[in-house]
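Quick note: numbers below take in every heavy atom, side chains included, and nothing from hydrogens, waters or symmetry partners. First listed ligand is number 1; within each ligand, the first listed atom is number 1. Position 1 is the first residue of the sequence, and the numbers go up from there.
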Amino acid sequence: MDAILVINAGSSSIKFSAFSVASHKLEPIASGKLEEIYENPHFVVKRHNGEVIADKHWPSGEKLGHDKAIAFLLDWLRSHGEGSTLLAVGHRIVHGGEAYVAPVRVDAHVIEQLEALIPLAPLHQPHNIAAIKAIAAQNADLPQIACFDTAFHSSQLPVVTQYALPPDITQQGVRRYGFHGLSYEYIARVLPDYDHKAATGRTVALHLGNGASMTAMLNGKSVASTMGFTAVEGIPMGTRSGSLDPGVVLWMLDEAKMDSRAIADLLYKRSGLLGVSGIASDMRTLLDSDAASAREAVELFCYRISRELGSLAAALGGLDAIVFTAGIGENAPPVRARVCELSRWLGVRIDADANRSNGPRISGPDSSIDVWVIPTNEELMIAQHTLDRLER
Ligand code: ADP
C-alpha cells in the first residue's frame, strides 16, 4: 500500500495524518499528535474509526524537541506501517509570502526562501521548517511538499491587501496576506456538492476554531479575509485578541512599559475568549459556564463576527451564502444562532432544529441568505495537493 503523511508542526506539538493512496484516491488511515515536545511529551494515534492504537507518555521533565519528535514519529510509522510505502510528506506551512501561491516541492532553495519569511510569521514558520529539515536529514530522498495557508488568498486584489502605509514599509512585505487558506480551499472545493449558488455566488466562510477568521469568496475564489499581515488580525480567537487600534500597542509600549515579547505574549496567548472570560479559551467550557464573564466573552466573539460579516458582504457587493466551519463553527449551535440573529438585517433567518442538529443547511425557507455548516478537512487538502504535486 502507498501512503502519504501530512504534518502540521507547531511550537510545542506535531500533528499528523496518514492517508492511503490507491488509483489516485486518498483514504484516511490514522491520525495523531505528539504534544508538549519540549516538556512532558505525549503521543497519541487513532485509527480513522476512532480506535486508539498508541498512547505513550515520556517521563516527566523529559524533552524531545522537533528533531527527536520527528525521528520518533517516522520510526513509529515505519514499524506500524504494515509494509506500506511512504510516497511523500505534505506540510502545512503558515506563510508562502509573495512568491509561493501554490504548493511546492521542497529543496534547499525553497527552504532558504521559507526561512527568509520567518520574520513575517515568527510564531509558526520556524517550527514548520524545523519539521521539514528533520525529515530531510533522515530521508534525503523522500519528497516533501509545502502547502501554504496564505496561498488561497493570492487572488485578492491589491486594494484589498494594501495597508495605508508608505512604500518604504509596504515594499518590505508588510501587507495583508490572509490565513486558514487550506481550510477555505477545501470548503470551496466541496461547496458544489452542497449548493450551486453557494459555490458560484457571493459566500462568506467562517473558520471558527482556536484560531478564527472569515473569508469572502466569489465563485470559490478569495476576495477578502479578516486576517491580514499576521494571524492575529480580525475577529477575537481562543487566546488571540483579533484587531486592535494600533494605538493600543503604542500605549502598551509607552505607558504600560511592556516590551515586544510581553505584548506578543498578551496578544497571542492571553487575550481573546480566554482574556475576556478569565476562564477558558475553549468555547465548550464557556458555553457550559454560568459566569457573567463567560457570557460576555461569547457575546463579544459573536458581535465582532457579525460586524465583520457586514464588512465582507460589502467587499462582495452583497451576500448569497454563509458557511460555518472548524471546531466552533461545526459544533456550537448557540454561537451560530447568535451570529445569525445579529445578521437579521442582511435577511438571515435560521431554522432552530436544523441548527441544533448541525445542518448541513441551517437557514429557514424564509431566509434570503443560505446558511450552511460544512466540516473542514485541511489534512485531506494537504494530502490532495501532495499527491497532485507528485503526479505532475
Ligand atoms: P484548531 O484551530 O486548534 O484546529 P478546532 O477547529 O478543533 O481548533 O476548534 C477548537 C474549538 O472548537 C474550541 O474552542 C472548542 O471548544 C470548540 N468546540 C469543539 N466542539 C465543540 C462543541 N461541541 N461545542 C462548542 N464548541 C466546540
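Ring to ring, H153 and F179 are not that close: their centroids are 6.0 angstrom or more apart. Ring centroid separation for the pair H95 and H124 does not come in under the 6.0 Å cut-off.
Between I187 and the choices L206, T325, T215, the side-chain contact (heavy atoms from CB on, under 4.5 Å) rule is met once, by T325.
The protein heavy-atom contact nearest to atom 14 (O) of ligand 1 is M283 N, 3.0 Å. Looking only at heavy atoms of the protein, atom 4 (O) of ligand 1 is closest to K15 NZ, 4.5 Å. Annotation: atom 13 (C) of ligand 1 to nearest protein heavy atom, N210 OD1, 3.9 Å.
Compare P333, P375, G327 by their heavy atoms: the one nearest to atom 27 (C) of ligand 1 is in G327. Remark: among candidates D282, L208, T376, L273, the nearest residue to atom 16 (O) of ligand 1 is D282, based on non-hydrogen atoms. Checking R284, E330, E378 against atom 26 (N) of ligand 1, the nearest heavy atom belongs to R284. Residue N331 holds the heavy atom nearest to atom 23 (N) of ligand 1 of all those in L286, I328, N331.
Heavy-atom contacts of G211 reach the following atoms of ligand 1: 2 (O) (cutoff under 4.0 Å).
Ring planes of W76 and H80: parallel class, angle under 30° (limits at 30 and 60°).
Remark: Y38 OH to H66 NE2 distance equals 5.0 Å, nearest 0.5 Å.
A cation-pi geometry, defined here as NZ or CZ lying under 6.0 Å from the six-membered ring centre and within 45° of its normal, holds between R175 and Y177.
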